[in-house]
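Here is the structure we will look at, set down as structure tokens.
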Amino acid sequence: MSRTLVLDTADEAVAGIEDGSTVLISGFGLAGMPFDLIDALIRQGAKDLTIVSNNAGNGEIGLAALLKAGRVRKVICSFPRQADSYVFDGLYRAGKLALEVVPQGTLAERLRAAGAGIGAFFCPTGVGTPLAEGKETRVLGDRTYVLEYPIAGDVALIGAFKGDTLGNLVYRKTARNFGPVMATAARTVVVQVNEVVPTGSLDPEAVITPGIYVDRLVAVPARRYIVEGA
Amino acid sequence: MAVNNSSPKDHSATIEHTGRGPLTADELAALIARNIPAGSYVNLGIGQPTRVADHLHPSSGIVLHTENGMLGMGPAAAGGQVDPDLINAGKLPVTELPGAAYFHHADSFAMMRGGHLDVCVLGAFQVSVTGDLANWHTGERDAIPAVGGAMDLAIGAKDVYVMMTLFTKDGAPKVVPACTYPLTGVRCVTRIYTDLAVLDVTPHGLVARETFGASIAELQARLNITMDTP
């Protein structure tokens, strides 16, 4: 992949996302969610999207706003139902959204596998539960495992803390969550950070996502929210 | 080994607190906190299990893990401590303790799945006598499924403690011969903490460690299952 493009606006950063794309969106609840990239994606207009994210939106901001705008066909997530997930709940109950529920660790590992060139893996999570129904299993040693396949994105939208002009990223506290694995798992990786700093000013020992994974970077002022329980 | 109901059984190895109990949720949380070995790495599930943290003494050296990428989680944040980038699995603001560490989601769940956590404490709808756990789905047709990290925790931690009431509000047993709700994990629960009894799940069946406000004989009759004594 080519060198990271540092762009001036979130609208430039999401340009070219096509209808029907699979879009990975970082965040756990609202921590680490790339609000400005999502808002730009709503303006950009891509539709029939498959969204991969841990949750399915809170209130009417971020991912919930994208759902409300009617751009999403399917959500792949671990935990859609939350205290304030009413936008998702309504669309799902009305039959307007497909849902694939994946155990949270399996979701992370399927993304990791996609980014790491792994064709599939045997995972002990979910064995004997409805989420493993119809899936291939294998007994290895004294344990049963389920065969799980990678989840790759056409695009990843990621919220990080700081990036340098080569695209090296650092995150902040539990807002890191899915960012580092999603950054490896999509063809085009778009990142919003609070601040773009000159190359050489991040401690190389502290870089979490190396710039090789990052295609587009944009600095936007921090917008951070707290969920009222979930 | 089943208890023979037709002849008197020596329950002397089990502590039957017939004059004290049932335990309140807070008393149960305190009991669990006392039973977690010093120095353990522990994950507390969303809801009631979170209360266990209130009873952990700092000198115990117990380190709390939160699935969204942190070890060394501190108490709930209040006022000026609230940081939207620092939340727990329930998406509520928390604090960090000295020695805390952050990591991404694939690492956080590798930590669980890989057997590195000593104890997790989970809520439950039902637990079977063989340790099957049902805690993510009531099976109702119109319910929105949401699993989060429950399946990963259930099969990952070295010891899986369940914290719940022994009966539903309607009086139905929650420790059952076989779960009727969709499973979270198979043969994964090692100990069941309830308001009326603490039960170990062993290869030979349930073993009653303590009872509160009821005798073993009464509980066996109400549950219609047999349990052994230590």
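Letters go in sequence order (proteins before strands), and every chain restarts at 1. Everything numeric in this text was worked out from a predicted model, so none of it was measured.
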**Prompt:** Who wins among A:P80, A:G126, A:S78 for the most heavy-atom pairs under 4.5 Å with chain B?
**Reply:** A:S78

**Item:** A:R93 (side chain) donor-acceptor with B:D142 (main chain) under 3.5 angstrom
**Value:** yes

**Message:** Only pairs of heavy atoms separated by less than 4.5 Å count here; which of A:S85, A:A132, A:P124 has the most with chain B?
**Reply:** A:P124

**Request:** Counting only heavy atoms closer than 4.5 Å, note whether A:F178 contacts chain B via side chain, backbone, both or neither.
**Result:** both

**Message:** Has A:T174 got a side-chain atom pairing as donor or acceptor with B:N68's backbone, closer than 3.5 angstrom?
**Reply:** no

**Message:** Tell me whether B:F125 at atom CZ has more than 12 heavy atoms from other residues, nucleotides or ligands lying less than 6.0 Å away.
**Reply:** yes

**Message:** Is there a side-chain contact between A:Q104 and B:F109 in this structure, where contact means two heavy atoms from C-beta onward sitting under 4.5 Å apart?
**Reply:** yes

**Proximity of residues 95-102 of chain A to chain B, residues having a non-hydrogen atom under 4.5 angstrom** = A:L99, A:V101, A:V102

**Item:** Where A:N177 and B:H104 come nearest, the two heavy atoms and their spacing
**Value:** O-CB, 3.4 Å

**Request:** Starting at NZ of B:K91, measure out to CZ of A:F79 and round the result to the nearest 0.5 Å.
**Result:** 6.0 Å

**Prompt:** What part of A:C123 is in contact with chain B, defined as an atom under 4.5 angstrom from a non-hydrogen atom: side chain, backbone, both or neither?
**Reply:** side chain

**Message:** Measuring only between side-chain heavy atoms, which start at C-beta, is B:D152 closer than 4.5 Å to A:T106?
**Reply:** yes

**Prompt:** How far apart are the closest heavy atoms of A:R176 and B:Y102, and which atoms are they?
**Reply:** NH1-O, 3.4 Å

**Request:** With sequence neighbours left out, write down each residue that passes ring-ring contact (aromatic ring centres under 6.0 Å, His included) with A:Y145, or none if nothing qualifies.
**Result:** none

**Request:** Taking all heavy atoms of B:I144 and all of A:R81, pick out the closest pair and write down the distance.
**Result:** O-NH1, 2.6 Å

**Fill in**
Counting heavy-atom pairs under 4.5 Å with chain B, the top scorer among A:N54, A:L131, A:V181, A:V127 is A:L131

**Message:** Need one label for B:S108: side chain, backbone, both or neither, based on atoms under 4.5 Å from any heavy atom in chain A.
**Reply:** neither

**Item:** Taking every non-hydrogen atom, the tightest pair across A:R112 and B:A106
**Value:** CD-CB, 3.9 Å

**Asked** Any idea which heavy atoms bring A:A31 and B:P84 closest together, and the distance?
**Response** CB-O, 3.6 Å

**Request:** Would you indicate whether B:N224, at its atom CG, is surrounded by more than 12 heavy atoms from other residues, nucleotides or ligands within a distance under 6.0 Å?
**Result:** no

**Request:** Measure distances from A:N55 to the heavy atoms of chain B and classify the residue's part below 4.5 Å as side chain, backbone, both or neither.
**Result:** side chain

**Asked** When heavy-atom pairs shorter than 4.5 Å are enumerated against chain A, which of B:R187, B:E96, B:M151, B:M112 gives the highest number?
**Response** B:M151

**Fill in**
Most heavy-atom pairs under 4.5 Å with chain B, out of A:A175, A:G32, A:G179, belong to A:A175

**Item:** Partners meeting ring-ring contact (aromatic ring centres under 6.0 Å, His included) with A:Y171 (sequence neighbours left out)
**Value:** none

**Asked** Does the side chain of A:P103 reach to within under 4.5 Å of the side chain of B:W136, using non-hydrogen atoms?
**Response** no

**Fill in**
dist A:R172:CZ -> B:D83:CG (nearest 0.5 Å) comes out at 4.0 Å

**Asked** Looking only at heavy atoms, what is the nearest atom pair of A:R143 and B:I155, with distance?
**Response** NH2-O, 2.9 Å

**Request:** Could you tell me whether the side chain of B:R113 and the main chain of A:G105 form a donor-acceptor pair under 3.5 Å?
**Result:** yes

**Request:** Verify the neighbour count for atom NZ of A:K173: are there more than 12 heavy atoms of other residues, nucleotides or ligands below 6.0 Å?
**Result:** yes

**Asked** At what distance, to the nearest 0.5 angstrom, does CG of B:D85 lie from CG of A:N194?
**Response** 8.0 Å

**Prompt:** So does B:Y41 have more than 12 non-hydrogen atoms from other groups sitting under 6.0 Å from OH?
**Reply:** no

**Message:** Quick check on A:F88 against chain B: is it the side chain, the backbone, both or neither that has a heavy atom closer than 4.5 Å?
**Reply:** side chain

**Message:** Out of B:G69, B:A134, B:P145, return the one with the most heavy atom pairs under 4.5 angstrom to chain A.
**Reply:** B:P145

**Asked** Who are the side chain to side chain donor-acceptor pair (under 3.5 Å) partners of A:D164, not counting sequence neighbours?
**Response** A:N168

